[in-house]
Amino acid sequence: MQPQILDIDAKTVDNAVSIWREGGLVAFPTETVYGLGADATNNAAVAQVFALKDRPKQNPLIMHVADEATARRYVQWNKTAEKLAEAFWPGPLTLVMKRRVFCPISELVCAGGDTLAIRIPANPIAQQLLKAFGGGIAAPSANRSGRISPTMAQHVRDEFGEAVKLIIDGGPCQHGVESSVVDVSGDTPALLRPGSITKQILEAVLYPSDKDNVVKKVASAARQELLVQEAGSDGAHKSPGMLASHYKPSIPMRLYAEDVKPGEALLAFGPEPLAGAVTTLNLSPSGDVVEAAANLFAYMRALDKPEHTAIVVMPIPAKGLGEAIADRLKRASA
Ligand code: TXA
Ligand code: MG
């Protein structure tokens, strides 16, 4: 049986919620990428997510909820969480917080650790589903571990074939790169994964500088920065999912290309794409990183064809959202 790809309506919502309650999996759109969702309190359902994705068990999952009140039921809330949630929820921000002592969420979701990552997506379809479900849905990106994240319903089908019975179609994802993951469980917040919300914007909310206040002005001379947690090769870093190699196409990728060799496909950026490629897709002809981020994974998939010897990528400025793009490209080409 082909998996069903359905548009959202009241019947589909009911259908998805019953599948979740019975311990099954439903793929659904968010504003970042498509997620593969399971009831976060159900060990067997969450285990199925790990199995299907072939995901290492030490890599925890993000739990999705409809609203802040639901989020607070599961974690130890604090001032930093409050600030960031107020500014960015619902939206593409994931907060890592300490689990409450009596937290019913499956240990598998947290990979046995004492923190839980939570996100409230803004996508109206995701909102509708989460509201109807009421609790937490553990949902990693709906791709096999290490591969390119899905930004369209068809990508999910391409990844899992018939194994995921229900895929809800919300069209192409608005942002195209995953949520920014910020750990607020310790004394200083740490950016574990650069994402849809840029470091600069997060810092503006975390460390606002009051221009009229002289004392603060002096303090802001030593401008506070959001601690960025770099992925290490030792496996000891705090966001286990930030593996050096990820988002992999099946053919090689070459970054910062200045020329194209015969047989190569080009992922272009800006008004002057390089010549000589078998196939060219331009992430943003006008050189807009926001547009480029939205197209990134879909174009990588489209160029990932055996008839190409490699995907070569033109330089993209690593500013603003470009930082998340650079991060994904680095891992994809590792
Ligand atoms: O935009 C997104 O975040 C998408 C959509 C579906 O919401 N989800 C997503 O999930 O990207 P996933 O599993 O592909 O990536 C989750 C990231 C991983 O790097 C994981 O290690 C990290 O979040 N993470 C999850 N729980 C964590 C925790 N308790 N502590 C530290 N990092 C955590
Ligand atoms: Mg992922």
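Predicted model, so just to flag it, every value in this text is computed and none were measured. Start at 1 and go down the list; that is how both ligands and their atoms are numbered. All values below were derived from every heavy atom in this structure, side-chain atoms included, with hydrogens, water molecules and symmetry-related copies excluded.
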Give a yes or no answer on whether the side chain of Lys248 reaches the backbone of Arg147 with a donor-acceptor pair at less than 3.5 Å. no
Treating Arg119 as the side-chain partner and Gly91 as the backbone partner, does any N or O pair qualify as donor plus acceptor under 3.5 Å?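 Flag set: sc Arg119 to bb Gly91 pair under 3.5 Å.
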Test applied, side-chain contact (heavy atoms from CB on, under 4.5 Å); reference residue, Leu93; option that passes from Val182, Val181, Ile118: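 Answer to the side-chain contact (heavy atoms from CB on, under 4.5 Å) test with Leu93 among Val182, Val181, Ile118: Val182.
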Measure [X] to ligand 1 on non-hydrogen atoms and call it side chain, backbone, both or neither using the 4.0 Å cut-off.
X      : result
Arg55  : side chain
Asp183 : neither
Val96  : side chain

Selected option - heavy-atom contact closest to [atom], from [options]:
atom                    : options                        : value
atom 4 (C) of ligand 1  : Val33, Ile118, Thr30, Val49    : Val33
atom 16 (C) of ligand 1 : Thr32, Val109, Ile62           : Ile62
atom 26 (N) of ligand 1 : Ala117, Ser141, Gly176, Gly195 : Ala117

Can [X] and [Y] be counted as an ion pair, charged N to O under 4.0 angstrom?
X      : Y      : result
Lys199 : Glu203 : yes
Glu162 : Arg157 : no
Arg328 : Glu178 : yes

Under 4.0 Å from any heavy atom of [X], which atoms of ligand 1 are there?
X      : value
Gly35  : 6 (C)
His64  : 5 (C), 6 (C), 7 (O)
Ser179 : 1 (O), 2 (C), 3 (O)
Asn59  : 18 (C), 20 (C), 21 (O)
Pro140 : 10 (O), 12 (P), 13 (O)
Glu178 : 1 (O), 2 (C), 11 (O)
Leu192 : 31 (C), 32 (N)

Ring center gap for Phe28 and Tyr34 short of 6.0 angstrom: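 No, the ring of Phe28 stays outside the 6.0 Å limit from the ring of Tyr34, centre to centre.
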Test applied, side-chain hydrogen bond (donor to acceptor under 3.5 Å, both in side chains); reference residue, Glu159; option that passes from Arg301, Arg144, Lys53: Arg301
Minimum side-chain heavy-atom gap Tyr247-Ser149 below 4.5 Å: yes
Would you say Ser145 reaches the Mg ion (ligand 2) with an N/O/S atom under 2.8 Å?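 Of the N, O and S atoms in Ser145, none lies under 2.8 Å from the Mg ion (ligand 2), which means no.
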Give yes or no for whether the N/O distance cutoff of 3.5 Å, strictly under, is met between Tyr34 and ligand 1.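 Looking only at distances, the answer is no, because the N/O contact criterion of under 3.5 Å is not met.
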On a heavy-atom basis, which atom in His308 and which in Val278 lie closest, and how many Å separate them?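 Shortest heavy-atom separation between His308 and Val278 comes out as CD2-CB, 4.2 Å.
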